[in-house]
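Here's the structure we're looking at; comments come further down.
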There are 2 protein chains.
Amino acid sequence: MGSKKILLVEDDPNFGVVLKDYLALNDYNVTHAKDGIEGLIMFKNNDFDLCILDVMMPRKDGFSLAQDIRGTNKEIPIIFLTAKTMKEDVLKGYQVGADDYLNKPFDSEVLLLKIKAILQRKETESAQDSEQFEFAIGNFSFNSKLRHLSIRNEEPQKLSPKESKLLRMLALYKNDLMPRELALTKIWRDDNYFTSRSMDVYIAKLRKYLKADEGVEILNIHGEGFRLVDKS
Amino acid sequence: MGSKKILLVEDDPNFGVVLKDYLALNDYNVTHAKDGIEGLIMFKNNDFDLCILDVMMPRKDGFSLAQDIRGTNKEIPIIFLTAKTMKEDVLKGYQVGADDYLNKPFDSEVLLLKIKAILQRKETESAQDSEQFEFAIGNFSFNSKLRHLSIRNEEPQKLSPKESKLLRMLALYKNDLMPRELALTKIWRDDNYFTSRSMDVYIAKLRKYLKADEGVEILNIHGEGFRLVDKS
DNA sequence: TGTGTTTTTAAGTAATTTTTAAGAAAAAAA
DNA sequence: TTTTTTTCTTAAAAATTACTTAAAAACACA
């Protein structure tokens, strides 16, 4: 499947180089940035599978960098390297959405295992998502393969292909923002004025179907996208 | 087709009973074991279709039980119930061959959907490239080798080779989507405009034959394929 | 070779799905 | 506030896909 790309941000030059070589030796494609600022630039110019961030760094610390990274990518796994057992660090790390953390000095074997575990988990998770076709949305159950939106024992509402794809994408992001651009590029294969208008029409159609349950609605987040909220 | 048998292994007595009743209410035949040891004994003395295992249990935890279960049956679907954020659990679960996992507390609707999806997947999977040639479709019995579609004691309707192959494929995917493309590539060996028109003609022929039973019909899923529904 | 069976092609119709359009409403920016 | 941008709603036009029937072509077999 091609070796995974890792962004390593570590200001200690000696340690950084050793760690990079060690990971490279284990078949990872590692890019090494020497501080947070450089790390952010590299992150934006590449497509990484995982980030390893030192917490204590000059110019921009690991947490601040993590926040910026999350700004562009909510999915990418992040591992923090913290000094000693800084409880606060750990806590703060999880708030930013750390997938794991390691106290320096750490066992390099353990780091390898954690990397492997996290990457594998992400893979099965995303595979899961890409195959899921049954959803619970309020009182509805929705089957995106049969394109049926059913409520209780009533006759299911049939959906058109695009209606179904769009609702599925909203359901995958249930209660969270589903970016407009994502649906347009994935479902309409193009993001322009007309496809965007077309999508609006489909949102209107879905809203009509979903009226049958008060606790379910599609909210617009101006300029960003839509949010399927399910209060149940 | 008779209700599916589920083995539920959960040590929390309150939660276990509630969950058992909920599943029973949804037409599953549930057996409830109170720990891993009891679960294994019950598993060996019965013939279940699916297992739902709590991970954290006294005497024998869910993973250990899963390993023992896999020792006797490599096919049976297993769903794990894990405590909230135990990411390691998830990973370990997949290593043992989990079909899915749910974090407690979970949405019971979601559990139902997952059970349904997993059981259905197993069914179609095993049906897939099977040598099966006898099918029950509503009041019909269909033998794809003899190309006979019979109802009651009446003289069987003889089918042409293509009619028989197509009906067999629909029957393998009974009540589920049979993708147009699949039939075209497997039966017609080519997927183009003309083979697609040809297939339409065959669908029309099959529909005529199947009219003899009201509870059976071939529905079109626009742009996707056909679904042989059997309400009986 | 002829005959019955099976399969493909054709053509017109029907149904479904998607896009486009245009005015009104709402939200954000100036 | 006024202006600009984005979203909502409805309806009609355009495009795609499916259905029906029948005739032509291909095939199988005596």
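These numbers come from a predicted model, not from an experiment. Every chain is numbered from 1, with letters handed out A, B, ... down the list of sequences.
No engagement by A:K158 is indicated, since no non-hydrogen atom pair under 4.0 Å with the nucleic acid exists. Base engagement by A:R197 is indicated by at least one non-hydrogen atom pair under 4.0 Å involving a base atom.
The two residues B:I151 and B:N139 come nearest to each other via the heavy atoms CG1-O, 3.8 Å.
At least one donor-acceptor pair under 3.5 Å links the side chain of B:N73 to the backbone N or O of B:E75. Judged by distance alone, the side chain of A:R227 and the main-chain N or O of A:L219 form no donor-acceptor pair under 3.5 Å. In this structure a side-chain-to-backbone donor-acceptor pair under 3.5 Å is missing from A:R168 to A:N143. Between the side chain of B:D49 and the backbone N or O of B:L119, no donor-acceptor pair lies under 3.5 Å. Side-chain N or O atoms of A:S164 include one that pairs as donor or acceptor with a backbone N or O of A:S144 at under 3.5 Å.
Distance, A:L219 CG to C:dA27 P: 11 Å, rounded to whole Å. Atom OH of B:Y202 and atom P of D:dT20 are 16 Å apart (whole Å). Between B:Y193 atom OH and D:dA15 atom P there is a gap of 17 Å when expressed in whole angstrom units. Between B:I203 atom CD1 and C:dT8 atom P the separation is 14 Å, expressed in whole Å. When rounded to the nearest whole Å, the span between CD1 of A:I221 and C1' of C:dA28 equals 15 Å. The separation between B:E163 atom CD and D:dC27 atom P is 18 Å, rounded to whole Å. The separation between B:E224 atom CD and D:dA18 atom P is 9 Å, rounded to whole Å. The nearest whole Å value for the distance from the CG atom in A:L206 to the C1' atom in D:dT7 is 15 Å.
Proximity note for B:D200 (side chain, C-beta onward) versus D:dC8, C:dA10, D:dC19: the nearest is D:dC19. Comparing atom distances between the A:A204 side chain and each of C:dT19, D:dT7, D:dT9 picks out D:dT9 as nearest. The B:F226 side chain lies nearest to D:dC19 when the options are D:dC19, C:dT17, C:dT9. Among the nucleotides C:dT19, D:dT7, C:dT8, the one closest to the side chain of A:S198 is C:dT19. Set against C:dT6, D:dA18, C:dT19, the side chain of B:R180 has D:dA18 as its closest nucleotide.
Listed pair A:S196 / D:dT6 fails the phosphate criterion, with no side-chain N or O lying under 4.0 Å from OP1 or OP2. For C:dT17, the OP1/OP2 oxygens have a side-chain nitrogen or oxygen of A:R147 closer than 4.0 Å. Between A:K162 and C:dT19 there is a side-chain N or O to OP1 or OP2 distance below 4.0 Å. Neither OP1 nor OP2 of C:dT18 sits under 4.0 Å from any side-chain N or O of A:W188.
Take the nearest nucleotide of DNA chain C for B:L159 and for B:F194: the residue whose nucleotide is more 5' is B:L159. Comparing A:H222 and A:V201 by the nucleotide of DNA chain D that holds the closest heavy atom to each, the one mapping nearer the 5' end is A:H222.
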